[in-house]
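Below you'll find the structure, written out as structure tokens, and then a few comments.
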2 protein chains.
Amino acid sequence: MLKRGLERGEVLRALGEVFRAHGYEGASLTLITEATGLGKGSLYHLFPGGKEQMAAEVLAEIDGWFERHIFAPLRTADDPARAIAAMIAGVDQYFHSGDRVCLVGMVALGSARDSFAEAVDGYFARWQTALASLLRRSGLTTSQAQRRAEDALLTIQGALVLSRARGDAKIFRRALSDLTARLLAPPA
Amino acid sequence: MLKRGLERGEVLRALGEVFRAHGYEGASLTLITEATGLGKGSLYHLFPGGKEQMAAEVLAEIDGWFERHIFAPLRTADDPARAIAAMIAGVDQYFHSGDRVCLVGMVALGSARDSFAEAVDGYFARWQTALASLLRRSGLTTSQAQRRAEDALLTIQGALVLSRARGDAKIFRRALSDLTARLLAPPA
DNA sequence: AGGAGATTGTACCGATCGGTACACAGAGTC
DNA sequence: GACTCTGTGTACCGATCGGTACAATCTCCT
């Protein structure tokens, strides 16, 4: 039972990459065994719920990463400019400057959405709320802050889609840079 | 051979909805026969190239629709405000105010991207060029126009993703409305 | 009417799908 | 060294995958 906790984290990261690369439906058990190095026996031992549980745990782990590195800092920060820069840097890092796709957004578009609707909605909801709370502290009204946070999330998602579609990661970096300015702009 | 040309259009529309609803990988031949009312015999008679040809023709038809209703008007319009309003209205109509997902963006994110890379890239490239040409005529520099057009496409895609993820089509409509203002704003 | 070509449903193909069964391997305990 | 108990590889399951074969049908032309 070699260090289960650690192993599971590794497995989840590999699973995440497979789902990102092939989508939920496209990630066959064959691909999954190749990517994780685990046979079906181990896989179903670790995830008795099968593919659905794997995807659910991957989404949960992504959610956890963002909670720790993005959401929580936003909620507690007192310097808006610094907090926003940190969020943008974290996002840039997580998405490998546009080379990596957002699994949550991908799931949202696909037919697997219904199975993971709560996780998908919760992820974006908490992000928006955390960012809006920071923006409100920086002087915006509640509705301005919410609207601007919504714009930020949508911009990030759109930049990922367009970067991927055009095969040009620079689009993503440009969008992040513009977004920073837009988030820091004084209330309209 | 009952009105082949017309029939094919109908079939392509049905195919588009199936791909939109289930993605390229998820759209099984069973689902396709159900959605189109056509047996495998007819399907493979109409599309000897199988699923890949179906998807390619669907993408081409989408491209054609946008070419006719969005791109061409942008290129020839002389009133920027009116042209942008028309584009936004067309986009709102096409995506059913956020209820419908963008198949091109979906393909771009999935693993089928490589098979349709050219079609996907061309779609966005032509859109961006057409919009940028209008914006340049409205007084922006070439690079300002290109950047602002890029922002428009990315906003639309992101709004579709986020609307879907949160199950709230109002996000899409808000984004379109904001986008209109942003596109018409004077050069920075 | 009857032949030609377009169109269709159905049976079928091998491959692969997600998932299960189960025999076995290692490590810890006594 | 036998007894667990957690892991693991492998064979196998029925279902479904995308695709093919082909005979039956339909439509049109003469």
Side-chain angles (χ1 to χ4, degrees), chain A residues 1-59 103 106-107 110-116 119, chain B residues 1-59 103 106-107 110-116 119:
Chain A
M1 66 200 86
L2 18 135
K3 41 199 163 126
R4 281 237 316 236
L6 209 75
E7 285 280 357
R8 179 170 274 256
E10 301 272 328
V11 172
L12 284 178
R13 280 202 303 129
L15 281 174
E17 295 309 322
V18 183
F19 283 126
R20 242 183 285 272
H22 301 91
Y24 179 72
E25 353 262 351
S28 69
L29 286 227
T30 306
L31 286 170
I32 290 175
T33 57
E34 283 170 6
T36 58
L38 265 43
K40 289 189 181 185
S42 321
L43 245 16
Y44 275 84
H45 179 73
L46 281 152
F47 306 96
K51 232 173 104 170
E52 182 153 343
Q53 184 184 351
M54 296 179 209
E57 290 204 21
V58 167
L59 288 178
L103 183 56
M106 214 171 157
V107 169
S111 54
R113 194 197 85 96
D114 296 349
S115 310
F116 307 105
Chain B
M1 69 197 85
L2 20 136
K3 41 203 163 114
R4 279 240 312 239
L6 210 74
E7 285 279 358
R8 178 169 274 256
E10 303 271 330
V11 172
L12 284 178
R13 281 202 304 129
L15 281 175
E17 295 309 323
V18 184
F19 283 126
R20 243 183 286 272
H22 300 91
Y24 179 72
E25 353 262 350
S28 70
L29 286 229
T30 306
L31 286 169
I32 291 175
T33 56
E34 282 170 8
T36 58
L38 264 45
K40 289 190 181 185
S42 320
L43 244 16
Y44 276 84
H45 179 73
L46 281 152
F47 306 97
K51 233 174 105 168
E52 182 154 342
Q53 183 183 352
M54 296 179 207
E57 289 204 22
V58 167
L59 287 178
L103 183 57
M106 213 170 156
V107 169
S111 54
R113 194 198 86 97
D114 296 350
S115 311
F116 306 106

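Within every chain, numbering begins at 1; the chains are lettered A, B, ... in the order of the sequence lines, protein sequences first and strands thereafter. Keep in mind it's a predicted model, so treat the numbers as computed, not measured.
- Take A:Q53 and apply the side chain to side chain donor-acceptor pair (under 3.5 Å) test, not counting sequence neighbours, and it matches A:E57.
- Note: CG (B:L31) to P (D:dG19) measures 15 Å, nearest angstrom.
- Atom pair A:M54:CE and C:dG18:P shows a separation of 9 Å (rounding to whole Å applied).
- Atom CG in B:L43 sits roughly 13 Å away from atom P in D:dT20 (whole-Å rounding).
- Under a 3.5 Å cut-off, the side chain of B:K51 and the backbone N or O of B:A27 do form a donor-acceptor pair.
- When the local axes at the two ends of the helix from C:dA1-D:dT30 to C:dC30-D:dG1 are compared, using 5 base pairs at each end, they differ in direction by 10° after rounding to 10°.
- Summarising the geometry, the separation between OH on B:Y44 and P on C:dC13 is reported as 17 Å, rounded to the nearest angstrom.
- At D:dG7, one or more side-chain N or O atoms of A:H45 fall inside 4.0 Å of OP1 or OP2 (strictly under the cut-off).
- The stretch residues 19-28 of chain B touches DNA chain D through B:A27, B:S28, each having a heavy atom under 4.0 angstrom from the strand.
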For residues 15-25 of chain B, please give each side-chain donor-acceptor pair under 3.5 Å, one per line with the distance, not counting sequence neighbours.
from  : atom 1 : to     : atom 2 : distance (Å)
B:E17 : OE2    : B:R100 : NE     : 3.3
B:E17 : OE2    : B:R100 : NH2    : 2.6
B:R20 : NH1    : B:Y94  : OH     : 3.3
B:H22 : ND1    : B:V18  : O      : 3.4
B:Y24 : OH     : B:E52  : N      : 3.4
B:E25 : OE2    : B:S111 : OG     : 2.7

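- A pairwise comparison of heavy atoms in B:A55 and B:F116 identifies CB-CZ, 3.6 Å as the closest pair.
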Expected rows: protein N/O vs nucleotides 9-12 of chain D N/O, under 3.5 Å:
from  : atom 1 : to    : atom 2 : distance (Å)
D:dG9 : OP2    : A:G39 : N      : 3.2
D:dG9 : OP2    : A:S42 : OG     : 3.2

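- Under 4.0 angstrom from either OP1 or OP2 of D:dC17 there lies at least one side-chain N or O belonging to B:T30.
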